[in-house]
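Notes follow the structure.
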Amino acid sequence: MPELPEVETIRRQLEPELRGRRIEQLEVLDPRWTRPVDPRRLEQEVSGRQILGLRRRGKYLLMDLDGELTLVMHLRMTGNLLLVEQGDPVVAVDEEGFEPVADRHLRARFELDDGRELRFSDARRFGEAFVLPSAGVEERFAGRLGVEPLSGQFSAETILALAAGRSAPLKSFLLDQSRIAGVGNIYADEALWRAELHPLSPAGSMRREHAEALREGVRGALRAGLDGGGASIDDYLDARGRRGTMQDEFLVHTREGEPCPRCGTAIRRIVVAGRSTYFCPGCQVRLRRRRRARQEDRR
DNA sequence: TTGGCGTCCTGGAGGC
DNA sequence: TGCCTCCAGGACGCCA
């Protein structure tokens with residue numbers, strides 16, 4: 001499930017390949033990809049335009065086109081973008097080689113002027129795409145996408161300000177894209193473990209040291225994801241059709257019952273905000289409990 | 001204003 | 001073996 005590291009991995013791979021290329025034709029095979037906009041309209045808007053560059057905002061991939069338009073894409077749960085030769089039946093490559101299987105989940109094809117093709121496939125069909133005037137992108141995301149966690153703006157002060165007065169669990173806080181953009185279920189679990197913070201702790205109960213730990217936890221988890229080329233626990237493949245390796249480096253996510261790498265306590269799974277949440281009950285202590293423990297220490 | 005829940009959507013796992 | 005049910009989760013709308 002593509003989160004910030006997966007989308008950024010794809011962006012870094014595609015940007016040098018696509019910049020300057022012209023989209024000869026966009027063919028939308030699944031109208032749900034563009035709804036509520038008519039897919040033919042999107043095809044007309046995008047076909048024939050030159051690609052000026054690729055950007056990322058949160059989990060959105062932004063393809064800047066000439067004519068001051070931007071194609072906005074979201075991969076959601078199972079979306080993949082794959083760059084291949086036109087007509088190539090290959091949809092995946094791994095350490096064992098090519099897997100020549102016709103892609104039954106293909107939703108859209110971009111025919112490029114260099115004979116290659118950018119394919120969007122999506123098993124669960126949650127992915128979406130739409131075109132905006134480039135000048136209107138920030139306005140479209142205003143209020144919907146918060147601070148970029150890998151930017152200099154993501155400070156302890158910012159986290160404290162965003163969390164002030166909120167009683168929602170820290171896990172929900174991290175998943176709220178309108179406050180922190182790009183963190184999803186996987187990296188929220190990993191970040192909270194790194195910060196030694198319990199996922200059910202109220203966001204507003206953080207003090208400065210907790211916010212600093214959370215900042216480092218989030219950034220550390222995202223950087224680990226980037227280093228691993230993303231996590232392939234569902235259908236995620238990068239733009240070259242390769243699996244990421246981050247799933248092998250998970251510290252707590254999907255590790256229920258396994259010993260915590262820090263203290264050895266068995267990892268637990270609970271449901272927070274309707275999402276599977278993995279944490280260590282031994283070293284990720286609730287903030288209120290932590291305060292109580294400190295008070296007892298002072299005695 | 002905030003937080004929780006349902007919805008969309010389909011593949012895969014597990015049970016019978 | 002085949003069928004059925006449940007689960008997974010990102011974004012958004014709705015409701016309390």
Side-chain angles (χ1 to χ4, degrees), chain A residues 1-8 10 29-37 56-62 72-81 91-92 99 101-108 120-130 132 137 140-146 148-149 161-192 199-206 218 222 225 230-237 243-244 246-247 250 252-256 269-279:
Chain A
M1 51 214 69
E3 302 182 24
L4 187 154
E6 288 75 28
V7 178
E8 179 63 18
I10 290 172
L29 303 167
D30 181 0
R32 271 174 282 199
W33 190 51
T34 68
R35 71 182 172 190
V37 175
R56 180 193 55 75
R57 181 72 175 91
K59 301 172 194 172
Y60 287 88
L61 195 60
L62 311 177
V72 182
M73 293 179 279
H74 198 302
L75 307 178
R76 296 288 181 109
M77 295 289 298
T78 52
N80 287 316
L81 277 168
V91 296
E99 184 185 342
V101 180
D103 188 353
R104 60 195 175 107
H105 303 306
L106 189 62
R107 308 298 175 203
F120 175 77
S121 61
D122 185 8
R124 293 184 196 170
R125 300 208 266 193
F126 277 8
E128 63 172 334
F130 51 91
L132 292 175
V137 171
R140 168 67 170 74
F141 290 140
R144 299 182 189 215
L145 292 181
E148 285 286 333
L162 291 170
R166 288 176 61 90
S167 60
L170 276 174
K171 177 68 181 277
S172 300
F173 174 70
L174 288 180
L175 294 178
D176 184 348
Q177 301 300 297
S178 69
R179 296 174 192 275
I180 302 169
V183 178
N185 201 40
I186 293 172
Y187 295 96
D189 284 354
E190 297 292 295
L192 287 170
L200 290 176
S201 297
S205 68
M206 278 189 294
V218 168
L222 294 176
S232 296
I233 59 173
D234 261 346
D235 300 326
Y236 167 74
L237 299 171
R243 293 168 56 82
M246 177 60 186
Q247 67 280 0
F250 285 163
V252 284
H253 191 74
T254 68
R255 302 273 190 218
E256 183 180 18
R269 174 189 174 274
I270 58 175
V271 175
V272 183
R275 302 290 175 253
S276 291
T277 298
Y278 300 85
F279 73 104

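Not measured: the values here are computed from a predicted model. We name chains A, B, ... by the order of the sequence lines, and we start the count at 1 in each one.
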Rounded interatomic separation in angstrom, taking [atom1] from [X] and [atom2] from [N]:
X        : N      : atom1 : atom2 : value
A:Arg57  : C:dG10 : CZ    : P     : 18 Å
A:Asp30  : B:dT10 : CG    : C1'   : 12 Å
A:Glu3   : C:dA8  : CD    : C1'   : 13 Å
A:Leu4   : C:dG10 : CG    : P     : 13 Å
A:Met77  : C:dC7  : CE    : P     : 15 Å
A:Arg124 : B:dC8  : CZ    : C1'   : 12 Å
A:Asp176 : B:dG3  : CG    : P     : 9 Å
A:Arg32  : B:dC8  : CZ    : C1'   : 10 Å

With 3.5 Å as the limit, what N/O pairs link the protein to nucleotides 11-13 of chain C?
| unit_1 | atom_1 | unit_2 | atom_2 | d |
| --- | --- | --- | --- | --- |
| C:dA11 | OP1 | A:His74 | NE2 | 2.7 |
| C:dA11 | OP2 | A:Lys59 | NZ | 3.2 |
| C:dA11 | O4' | A:Arg76 | NH1 | 3.3 |
| C:dA11 | N6 | A:Arg275 | NH2 | 3.3 |
| C:dC12 | OP1 | A:Arg144 | NH1 | 3.4 |

Judged by atom type as modelled, is there a donor-acceptor pair below 3.5 Å linking the side chain of [X] to the main-chain atoms of [Y]?
X        : Y        : value
A:Glu256 : A:Tyr278 : no
A:Arg125 : A:Arg32  : no
A:Glu190 : A:Phe250 : no
A:Glu3   : A:Ile186 : yes

ask   = Is a side-chain donor-acceptor pair under 3.5 Å present for A:Thr78 with A:Arg124?
value =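 No, no side-chain donor-acceptor contact under 3.5 Å.
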Of all the choices, [options], which nucleotide is nearest to the side chain of [X] once you look at every atom?
X        : options              : result
A:Ser167 : B:dT10, B:dG3, C:dG9 : B:dG3
A:Phe126 : C:dG9, B:dT2, B:dG11 : C:dG9
A:Arg166 : B:dG4, B:dG3, B:dC9  : B:dG3

Working to the nearest 0.5 Å, report the span between [atom1] of [X] and [atom2] of [Y].
X        : Y        : atom1 : atom2 : answer
A:Lys59  : A:His74  : NZ    : NE2   : 6.0 Å
A:Trp33  : A:Glu128 : CH2   : CD    : 10.5 Å
A:Leu192 : A:Tyr187 : CG    : OH    : 14.5 Å
A:Glu6   : A:Leu237 : CD    : CG    : 11.5 Å

ask   = What do the steps show when you test A:Leu200 against A:Val272 for side chain to side chain contact (heavy atoms under 4.5 Å, CB included), and what is the final call?
value = CA-CA 8 Å; A:Leu200 290 176; A:Val272 183; 3.6 Å; yes
With respect to the phosphate group of [N], does any side-chain polar atom (N or O) of [X] fall under 4.0 Å of OP1 or OP2?
X        : N     : value
A:Arg35  : B:dC9 : yes
A:Ser276 : C:dA8 : yes
A:Thr78  : C:dG9 : no

request  = Mind checking A:Arg269 for me? I need base, sugar-phosphate or nothing, with any heavy atom below 4.0 Å counting as a touch.
outcome  =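 Sugar-phosphate only.
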key: the helix from B:dT2-C:dA16 to B:dC16-C:dG2: angle between end helix axes, five pairs per end, rounded to 10 degrees   =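 Roughly 50°, once rounded to the nearest ten degrees.
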